[in-house]
S.K.: 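The structure's right below; bear with me while I get my questions together.
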There are 2 protein chains.
Amino acid sequence: MPPTTRPTSRDVAREAGVSQATVSLVLGGKWRGRVSPATADAVRETALRLGYRPNLAARSLRLGRTRTALLVVPALTNEYFARVHTGAARVAAAHDFGVVLYPSPEGVGPARDPFGSARAALDGVIASSMAADALAAISGETAAAPRTAGGPGGLPLVMLDSDPAQSGAAATVNLDLASGMRQVTGHLAALGHRRIAHIASAVDSWTFRVRRAAFDAATRDLPGAVVTRRTAALSVEGGLRATHDALTAPGARPTALVCDDDVLAAGACKAARRLGLRVPLDVSVTGFDDLALATAVEPELTTVRLPADEAGARGMAALLAVIDGLSPQQADLPVELMIRGSTGPCPVEPR
Amino acid sequence: MPPTTRPTSRDVAREAGVSQATVSLVLGGKWRGRVSPATADAVRETALRLGYRPNLAARSLRLGRTRTALLVVPALTNEYFARVHTGAARVAAAHDFGVVLYPSPEGVGPARDPFGSARAALDGVIASSMAADALAAISGETAAAPRTAGGPGGLPLVMLDSDPAQSGAAATVNLDLASGMRQVTGHLAALGHRRIAHIASAVDSWTFRVRRAAFDAATRDLPGAVVTRRTAALSVEGGLRATHDALTAPGARPTALVCDDDVLAAGACKAARRLGLRVPLDVSVTGFDDLALATAVEPELTTVRLPADEAGARGMAALLAVIDGLSPQQADLPVELMIRGSTGPCPVEPR
DNA sequence: CGCGCGAGGTTTTACGTATAACGTCGATCG
DNA sequence: CGATCGACGTTATACGTAAAACCTCGCGCG
């Protein structure tokens, strides 16, 4: 057995009786008219036989490209972001690109430098919503580095669900969250609800700002609407607490709860039931995102389906386009209201 | 503005009036006694001023190490694996290592080659449970490549929740799933349940084989136990179907449903309720994993908490040890039965 | 005084790849 | 028949870094 080291292109060349350059040409696929088909076949056969794998570090060094993109998300344990990753990884793999995740379990903070920590050299960055906002702080810090293009560190940057006004992004992929929120409120309004509480995420990111604004705009146009808002930590427990407060506050009790997120909605349902209220008979609840959770709870949640993996896929496609010097196609993805069991007609004589 | 290219160590050297080697020495931290403190400071200052970042491709090429590990999981959208990733990434980051995920949205298949697809060169592989089993098929394929150490491609390999008898792994981290299953059945037995159905995952991986074996062993020792088993696709819908079958099958109806997974348990609860059965009054349900889902549904699920992130962390620690030539400490992590609302005393006169 | 030696560097080399620049040799053509 | 050309390769080089090997003082010491 030859020593522990992996075979290099030179080993293949020696074994096949050609030069290293020829191996590189053949395996790189650019041998048409430069190498005879017979030789090319021989090289390929030898490479296969030796189990040759190109050293990616060397290739990256040579090409100045790493075929690796960084995906910045706040937390993979949030199913939404896991799905974004899935979509992004799928497209990346199809283009022989890799995806590395921003290695921050505890969320993005200005103190951390993603480009020191990210081990691989990167060709581009794709930052999703909540992460993108935090990234803005960092870009100030990294401004000392020569900025040639959009992102921090001079890397092409694509933003998902982020403020289009935000500087630095070469492209943006947005979900039509405002429409989603309008559909939710429209649905509730059609059911007769007027006293509506918004259980909002305490996270101050673009995604949630949009939802809030859309909720406000939609309810403002609704005659007779009485709206309140509670902010909640983004968890079942958080949703439970905020909803409890909303339902027990002095004044007329809301008949509908619009939650920023399915997880919050699950908490809201629990809170309502603990107060002896039936969902949706006494109070209607809506979620957002259409996570697996939405159909796991009872009643199943009326919610807004977000094409998370599609967003990830589009984002990666846009990033690849930018890297290739093309102008990416801006995309705004439609969302869909999923009407399920957690919403119903406004009770005639509430309280 | 100097051209679009990033500053190299040579740029820093020129700017600081020293040689490139000195820059490398200083920034590498091995300059004690080789470079004067004054010069070292000057170099550091210059590097900072220019915004110098080492080219990781070049460094990897030189060192033959990439400080990158591959984490192979079947699906990140499964919260369990997302948590494994979180733990692994945390430990990796602490050791200045990166984690790249196996880019397979549709699961590991023998047809795909993880080491061709994984863009970064790798220092090691950590494969979790379900993925590890599929990996076994691949290692046969890659056997053509010179195998120097455990994993495919001669890479150090750590397996999570996998068959210890499986060859190739330099280390294994296991959760004490058998104990978890024993605790579940013990809990149900203490509540008086004897007719118990096992809603098992259709996935044939080590994790689930262990659960099945432990369930069988525990119920075998239970006097008067009447057990059945249904296999289900790993989803709410799958759990619902299998449970429906289990509850409507001819013969005495089970009073307890032991599910391989929280998602299945959520489906089981839905199925029971659709049949007019109350949980836990008429039928008790247990889950496994303690996902966020477990406390989102009502009643909250009695389940087995798995320290997923701890497993990921230990796995990464073990891998780092192997890479450093140390012998990793084998770890078996304890699990904990979380008794919540989905289990109760066996009804006195069921059916 | 010659010599060793340590401090403080510098020169050089190698890592494995992709590709530009450069042969070589037979056939073709003006 | 000499020049040209295409087919088929080879040689040489650069990417940026880490580190081994080497150089050059000034100084202490036998």
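Values reported hereafter were calculated over all heavy atoms of this structure, with side chains retained and with hydrogens, waters and symmetry mates removed. So you know, we letter chains A, B, ... as the sequences are listed, proteins then strands, and number each from 1.
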S.K.: According to a strict under-4.0 Å criterion, is A:T8 in side-chain N/O contact with OP1 or OP2 of C:dG16?
M.R.: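 Indeed not, no polar side-chain atom of A:T8 lies that close.
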S.K.: Round to a whole Å and report the spacing from CZ of B:R62 to P of C:dT12.
M.R.: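 The answer, rounded to whole Å, is 16 Å.
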S.K.: Can you see if the side chain of B:K30 gets near the phosphate of D:dA18 - specifically, an N or O under 4.0 Å from OP1 or OP2?
M.R.: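 No, outside the criterion.
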S.K.: Classify B:S19 by what it touches in the nucleic acid, base, sugar-phosphate, or nothing, heavy-atom distance under 4.0 Å.
M.R.: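 It contacts base atoms.
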S.K.: Take the protein atom CG of A:L27 and the nucleotide atom P of C:dT19, then report the distance between them rounded to whole Å.
M.R.: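 Taking CG of A:L27 and P of C:dT19, I get 13 Å after rounding.
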S.K.: Phosphate oxygens OP1/OP2 of C:dA18: is one of them under 4.0 Å from a side-chain N or O of A:R59?
M.R.: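 It does, given that an N or O in the side chain of A:R59 lies less than 4.0 Å from OP1 or OP2 of C:dA18.
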S.K.: Can you check whether B:S162's main-chain N or O pairs, donor with acceptor, with B:N174's side chain at less than 3.5 Å?
M.R.: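 At least one qualifying donor-acceptor pair exists.
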S.K.: Does a nitrogen or oxygen in the side chain of A:T22 sit under 4.0 Å from OP1 or OP2 of D:dT10?
M.R.: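 For D:dT10, OP1/OP2 do have a side-chain N/O of A:T22 under 4.0 Å.
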S.K.: B:S9 side chain N/O closer than 4.0 Å to the phosphate oxygens (OP1, OP2) of D:dG16?
M.R.: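 Answer is no, no contact under 4.0 Å.
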S.K.: D:dA18 P sits how many Å from B:R67 CZ, rounded?
M.R.: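 Interatomic distance, CZ of B:R67 to P of D:dA18: 12 Å.
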S.K.: Judged by atom type as modelled, is there a donor-acceptor pair below 3.5 Å linking the side chain of B:D123 to the main-chain atoms of B:R65?
M.R.: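 Pair absent, no side-chain N/O of B:D123 close to backbone of B:R65.
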S.K.: Has the side chain of B:D309 got a donor or acceptor atom that lies under 3.5 Å from a matching backbone atom of B:R83?
M.R.: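 Absent.
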S.K.: I want to confirm an ordering. Mapping B:A21 and A:A58 to their closest nucleotides on DNA chain C, which one lands closer to the 5' end?
M.R.: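 Nearer the 5' end of the strand: B:A21.
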S.K.: What are the two closest non-hydrogen atoms of B:Y52 and B:T8, and how far apart are they?
M.R.: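 What the structure gives for the nearest pair is CE1-C, 3.5 Å.
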S.K.: Given atom CG of A:L63 and atom P of C:dT17, what is their separation to the nearest angstrom?
M.R.: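 Going from CG in A:L63 over to P in C:dT17 covers 12 Å.
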S.K.: Within this structure, what is the CZ-to-C1' distance between A:R53 and C:dC15, rounded to whole angstrom?
M.R.: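 My rounded result for the distance is 20 Å.
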S.K.: Can you tell me if B:D324 uses its side chain to pair, donor with acceptor, with the backbone of B:L326 under 3.5 Å?
M.R.: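 Checked: no pair found.
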S.K.: Please work out if B:V23 contacts a base, only the sugar-phosphate, or nothing of the nucleic acid, heavy-atom cut-off 4.0 Å.
M.R.: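 The answer is nothing, as B:V23 stays clear of every strand by at least 4.0 Å.
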S.K.: Name every residue in residues 35-46 of chain B that has at least one heavy atom under 4.0 Å from any atom of DNA chain C, in order of residue number, or write none if there are no such residues.
M.R.: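 Hits under 4.0 Å, by residue number: B:V35, B:S36, B:T39.
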S.K.: Roughly how far apart are A:T77 OG1 and B:L76 CG, rounded to 0.5 Å?
M.R.: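 Atom-to-atom, A:T77:OG1 and B:L76:CG are 10.5 Å apart.
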S.K.: Using a 4.0 Å heavy-atom cut-off, does B:L61 contact any base of the nucleic acid, only the sugar-phosphate backbone, or nothing at all?
M.R.: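 Base contact.
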S.K.: What integer distance in Å separates B:R65:CZ from D:dG16:C1'?
M.R.: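 My rounded result for the distance is 20 Å.
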S.K.: Atom CD of A:Q20 and atom C1' of D:dT11: how far apart are they, to the nearest Å?
M.R.: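 My rounded result for the distance is 11 Å.
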S.K.: Give, for atom CD1 of B:I323 and atom NE2 of B:H95, the distance between the pair rounded to the nearest 0.5 Å.
M.R.: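 One gets 10.5 Å once the value is rounded to the nearest 0.5 Å.
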S.K.: Counting distance alone, no hydrogens or angles: does the base of D:dG9 have a donor or acceptor under 3.5 Å from a partner atom on the side chain of A:R34?
M.R.: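 Yes, a donor-acceptor pair under 3.5 Å.
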S.K.: Check for a donor-acceptor pair, side chain of B:D41 on one end and backbone N or O of B:A38 on the other, with a separation under 3.5 Å.
M.R.: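 Such a contact is absent between B:D41 side chain and B:A38 backbone.
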S.K.: Between atom CG in A:L56 and atom P in C:dT17, what is the gap in whole Å?
M.R.: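 Going from A:L56 (CG) to C:dT17 (P), I get 9 Å.
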S.K.: Closest-nucleotide mapping onto DNA chain D: is A:G17 or B:L25 further toward the 5' terminus? I mean the 5' end.
M.R.: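 Closer to the 5' end of DNA chain D: A:G17.
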